[in-house]
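See below for the structure under consideration.
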Amino acid sequence: MFPYRLVFTLFVLAFVGYIAASFAFFEMPATAADAENCGFLPGEFVGTGQLTYERTEAWWVSFQRKSEFFTAFSIGLATAFAGFALSTARRTGSGAATGAALGGGVLAASAICVSCLAPVLGIVGLGFAGSLLAGVPKWLIALNTLLLTGWGTLYLHRRAGTCPVPPQTTHNAQPAS
Amino acid sequence: MNAFIRNIAFSTLLLMPLAPAGAADYNTVLQPAKPGLPLAHPIAKDDIAPPPFSLIADRPKNPAYVPGLPGLPQARPFKDDFGVPRPPKFDGVFIRQSRVENGEVVIPAGGLFYLEDTMGGEVALRGEVMPLLATTPTYIDYDMSIVVKENVAIPAGQSVVVGGTVYQYYATVGHETTANHALHVKTIAGTDWEWAFGSPVLSTSQPGWWNTRFTQLYNQGQAREVTPQKMVFDWISGVRMDRLLLADEKLFTGLAGAGDEWKSGNRTIRVAEVNAEAGTVRIQVIENGKVALERTLGPVKKELLIEDTAARRALVFEHGDLAGFLSPWPEPFKDGKANLKIYAKAFSLNYGADFARDPRFAVYPVGCPTGHNFGYMLVNKQEIRIKPGGTAEGPQNYFKIGVDRIEGDRVLAWHIEDRLGNRSVNLGGANVGNVDLVLGQGRVAGQAILKDVGRALLARTYQAAQNAPQAQATGAVQTAPAPAHTASLPSGLSAGLIGAIGILAIACGAVGFEVGRRKRAV
């Protein structure tokens, strides 16, 4: 039985959550270089913290120009996949589930690395991954995420249907005799 | 408040009667171009208000400068019917007296104008092209008049409008107990005649100047008081280009004999008779089988052409939207035929009248005292208000003024956009409180008006250039200028891109494997 509701709910939550976070953490660029990095044209930068747009409009312009909907889509998929993997842990084995969930997390993190959110948050350590993925178009990351999570879903779903494994916690709870 | 007082004074000046009844006959007072010649243009019977903000003090304040846009072209070359290159044509756009009010940009009536900004005079009867926004009609003929005003005072530093001419009392230069006083002469569009005639200098204490009576073709005046504080004229004259006659369609140009005819709709233009000896040709316009117009054109008075009104009138016919003339060049008659030019879709641009193709604008042709034309202005008749995010359209949507962002009384972002969708850079900024503009590189925008606004314009341009690198320098990273929205596009096969494509291939294989395995299981 495939947990459609769970997967769909997680996807929507992550998708919308990313958009909300993007809006919440959006900062008007302080320099012309920052403005260019956020997708603005040189002529649209007026001065420190000032653009030719109001903040809300500026965020939306940046979101569109930086193709952030692909990032939101990737994060939604990765999160939904991670949730699905954990939900099948009992039947597929905790190792496989954890590995798959971790894979989903890596996908989500890689999507964030090239998003506009990471620079604003100033997350340490994402710079290297971000620079590695900087030349990768977001649509390609989204497509890879779709295929990898799709493959992972097919794999876990097959394994869960053929080889149920009792949870390890049951054995650990047995008293020593 | 100053502008208000100035406008009242200006209106008062306009209300002053032209040459009142019983006054001097200015047909005899004014000097012709040469003794014995008639005045080339008639003396105006009525005054017609010039466009608002024609005074020097009303020039754009701290304006933005835009050299041009693809859809507002500069230095377009044209030739006349004789293959002679004409002065290049420039598109000009000007905004003056704009302000921010209640979160909106306000451009008052007369504050915005498009200028067909020619580098030199446009001459009638030569088949010269005169751009009219997106079209290129042919300039055929014109009506010009001489406006005379009496008892005109010009305080030092200020200006007055006489017809289409603007006089400014520019400076007094003292020397011991003597002095001379310079009067600058411009047009309502800002063309400075300094390059053509010079500025008349009046002086009662130094010889060699104009004393109190100056004559520069039909810009003439008789002063009764010249002091460092003001000049007072008994009378002063200027010229006004009352009408331009243009046509969108050429029906014929060349030699035509009796019986030749051309059709335009249900009208026929016919050469009824050619009399080369008398130097005349008789033209008929036939409508519904009846002769609706019969005109004898000629003879040619070459010694008075091109400027003399009567001499031109003798050569030109008009009937509805049909027009034509007996061309004096290269010769009016040859081999018993007349040298004719016939046009259809003719129309007029009348001084102060609505621009028929977009009545939101009034048209003001700009004349030179020689009788040459110096473009025309298309001036907004109604106040324009633009909210942030809004635009105001120029005549026939030839350009747009877009306001992007206002904060308090500052216009942080605005731009001009041509009809092709090309936008200027952001013309706003933290120190910009209006949308005053000078666009173009023509005789006015690129030269004459710079005397009045050039310093502020250069200072503003420098400030904008200075702010740009400073803003970049405050950032940790200097980036090469590039369209920002291309940053997410692949730029060659980087290691990351190769890896992503590899993952894509592996993922495709993995999905295929899983799908295949499921099919085998079924």
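Just so it is clear: chains get the letters A, B, ... in the order the sequence lines come, proteins before strands, and each one is counted from 1. Please read all numbers here as calculations on a predicted model, not as lab measurements.
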Near E383(B) CD, under 6.0 Å, is it more than 12 heavy atoms from other residues, nucleotides or ligands? yes
- Query: Counting a contact as any heavy-atom pair under 4.5 Å apart, which residues of residues 53-60 of chain A contact chain B?
  - Reply: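 Checking residues 53-60 of chain A against chain B gives Y53(A), E54(A).
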Task: Spatial distance of atom CG (N144(A)) from atom CD1 (I506(B)) [nearest 0.5 Å] - done: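 Between N144(A) CG and I506(B) CD1, I get 9.5 Å after rounding to 0.5 Å.
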One should read off an interatomic distance between I141(A) CD1 and I503(B) CD1, to the nearest 0.5 angstrom, of 9.5 Å
Minimal heavy-atom distance between V511(B) and L147(A), with the atoms involved, is CG2-O, 3.4 Å
Turns out that what part of L148(A) lies under 4.5 Å from chain B's heavy atoms comes down to both
| message | Counting heavy-atom pairs closer than 4.5 Å to chain A, which one of A507(B), G389(B), A510(B) comes out on top? | response |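 When all of A507(B), G389(B), A510(B) are compared, A510(B) has the most.
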